[in-house]
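For reference, the structure discussed in these notes is given below.
Whatever order the structure lists ligands and atoms in, that order sets their numbers, starting from 1. Note that the numbering runs from 1 along the sequence shown for the chain. Just the heavy atoms: all of them, side chains too, but no hydrogens, waters or symmetry mates, feed the values below.
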Amino acid sequence: MPFSVYLQQVDPDLAGLLSAVADASVKLSDAVRNAPLRNLTGAMDATNVQGEIVQKLDDYSNQVLMDYCKSSSACAGYLSEENEGVTTMNETGALVIAVDPLDGSSNIDIAAPIGTIFAIWKRKSAVGAIHESDFLQKGDECLAAGYVLYGSATMLMLSVGKGVQLFALNSGTGMYELVNNTIQLPTKGKIYSMNQGNLSKFEKAAKNFVAYCTETDKSTSRPFSIRYIGSMVGDLYRTFLKGGVFLYPAYEGETKGKLRLLYECIPMSFLAEQAGGKGTNGKERILSIQPTELHERCAIVIGSSDLVDQYIAFSK
Ligand code: AHG
Ligand code: MN
Ligand code: MN
């Protein structure tokens, strides 16, 4: 089923914005695949609001998404990893979108998987300019969330709150087609995915969890395998299809981790729950967290319910 036909079942405002995001991602998929030929590899001479070096493709992706979102009349506001504040797009629009335009920046120059992550809410204010408060909404209030993986294939994983659907980009037609109507994240997993080199910096629960994953126990298929791409989109695509757990835990003595709540942790947790998996910061469901800052960071443990529950047990 073409993506455009799938969208006929979706509320027209939401369908319009999702169509714009999908169109932007088709353009970005082409840019990613030709980045070395279009002067889109390497860094800009700039850092973003979070003090991170901005890659040329981070900036390009943000510009493309801003253009396409603005072209959707339903899109009232835009928040991005690459922009300090919120941007009003259409004052009469009903929706707001938070995006990580290009996830996995460290993988751009090595042609490894990267992606685009997004979450959509209904705006809180009625009309007019958009405010920060329009974005400070829980994941439980999300209308839709998804991500596009620019991997060996370009894949769109999406949920509008009715399970998780997976679309593949047909490079011949330039259109997405449904390939799986009900993604089910396996409840049990045998893979853990984390930057274990940072283990000494992570909270006690993470250390106990790694000890659990690496010890031998035939009945639970341990030790588990470790797989870590370093792009959340890539690591989670595998996790959704094969099961396992992805974690970027809280640093020792802190409650927050590296990844951002509004445009990384919430959209991925929305998808995980819609697919029968779980997403937590160790103490609380990610989707229950009330955001207080636009670029708030959050610890995340996400994937197969048995492994997420195991981490939660170590956090008590
Ligand atoms: P971004 O490129 O949007 O800043 O996100 C990178 C994130 C995420 O994709 C990945 O899981 C994580 O950073 C990797 O971090 P480490 O390099 O610390 O492992
Ligand atoms: Mn990211
Ligand atoms: Mn990014």
**OP:** Looking at Glu264, pick out the N, O or S atom nearest to the Mn ion (ligand 2) and give its name.
**Re:** OE2

Subject >> Residues Ser4, Tyr176; criterion side chain to side chain donor-acceptor pair (under 3.5 Å); working and verdict >> reply: CA-CA 8 Å; Ser4 55; Tyr176 285 102; over 6 Å; no

Original post:
If we only count N/O pairs under 3.5 Å, is Ser231 in contact with ligand 1?
Top reply: no

Original post:
Just which atoms of ligand 1 are under 4.0 Å from any heavy atom in Met232?
Top reply: 8 (C), 9 (O), 10 (C), 11 (O)

Original post:
Is there a donor in the side chain of Ser193 and an acceptor in the side chain of Arg238, or the other way round, less than 3.5 Å apart?
Top reply: yes

Original post:
When you measure from the centre of the six-membered ring of Tyr150, is the NZ or CZ of Arg33 under 6.0 Å away and within 45° of the axis?
Top reply: no

**OP:** Using a strict cut-off of 4.0 Å, indicate which atoms of ligand 1 neighbour a heavy atom of Arg260.
**Re:** 1 (P), 3 (O), 4 (O), 5 (O)

Original post:
In Å and rounded to the nearest 0.5 Å, what is the CH2 to SG distance from Trp121 to Cys142?
Top reply: 4.5 Å

Subject >> Angle in degrees, rounded to 10°, that OE1 of Glu81 and OD1 of Asp100 form at the Mn ion (ligand 3) >> reply: 80°

Original post:
What do you reckon, does Gly104 have a nitrogen or oxygen under 3.5 Å from a nitrogen or oxygen of ligand 1?
Top reply: yes

Subject >> Leu102 near ligand 1 by a heavy-atom separation under 4.0 Å >> reply: yes

Original post:
Between Asp306 and Thr187, is any side-chain donor less than 3.5 angstrom from a side-chain acceptor?
Top reply: no

Original post:
Taking atom types as modelled and ignoring hydrogens, do the side chains of Asp58 and Asn62 form a donor-acceptor contact shorter than 3.5 angstrom?
Top reply: no

Subject >> Gln196 and Tyr228 side chains, donor-acceptor separation under 3.5 Å >> reply: no

Original post:
What orientation do Tyr147 and Phe240 show, parallel under 30°, tilted 30 to 60°, or perpendicular over 60°?
Top reply: tilted

Subject >> Donor-acceptor pair between Asn281 and Tyr311 side chains, under 3.5 angstrom >> reply: no

Original post:
atom 10 (C) of ligand 1: which of Gly230, Pro101, Gly115 has the nearest heavy atom?
Top reply: Gly230

Original post:
Any idea which atoms of ligand 1 are less than 4.0 Å away from a heavy-atom of Asn195?
Top reply: 16 (P), 18 (O), 19 (O)

**OP:** Would you check whether Glu264 reaches within less than 4.0 Å of ligand 1, judged by its heavy atoms?
**Re:** yes

**OP:** Looking only at distances, please establish whether an N/O atom of ligand 1 is found under 3.5 Å from an N/O atom of Ser106.
**Re:** no

Subject >> Short N/O/S contact of Leu102 with the Mn ion (ligand 3) (below 2.8 Å) >> reply: yes

Subject >> Separation between CG of Leu259 and CD of Glu81, rounded to the nearest 0.5 Å >> reply: 9.5 Å

Original post:
What atoms of ligand 1 come within less than 4.0 Å of a heavy atom belonging to Ser105?
Top reply: 2 (O)

Subject >> Of the N, O or S atoms in Asp103, the one nearest the Mn ion (ligand 2) >> reply: OD1

Subject >> Nearest heavy atoms of Met268 and Ile302, plus distance in Å >> reply: O-CD1, 3.3 Å

**OP:** Quick one: look up the protein heavy atom nearest atom 19 (O) of ligand 1 and list residue, atom name and how far away it is.
**Re:** Tyr228 OH, 2.5 Å

Original post:
Taking both backbone and side-chain atoms of Leu259, is any N or O found less than 3.5 Å from an N or O belonging to ligand 1?
Top reply: no

Original post:
In terms of residue, atom name and distance, what is the protein heavy atom nearest to atom 6 (C) of ligand 1?
Top reply: Asp103 OD1, 3.9 Å

Subject >> Pair Asn107, Ser231: side-chain N/O donor-acceptor within cut-off below 3.5 Å >> reply: yes

**OP:** Any atoms of ligand 1 less than 4.0 Å from a non-hydrogen atom of Asp100? List them with their elements.
**Re:** 3 (O)

Subject >> Identity and distance of the protein heavy atom lying nearest atom 15 (O) of ligand 1 >> reply: Lys258 NZ, 2.8 Å

Subject >> atom 18 (O) of ligand 1 [closest protein heavy-atom partner, distance rounded to 0.1 Å] >> reply: Tyr248 OH, 2.5 Å

Original post:
Going hydrophobic residue to hydrophobic residue with side-chain gaps under 4.5 angstrom, can you get from Ile117 over to Leu28?
Top reply: no

**OP:** Report the part of Phe246 (side chain from C-beta onward, or backbone N, CA, C, O) that has a heavy atom under 4.0 Å from ligand 1; answer both or neither where that applies.
**Re:** side chain

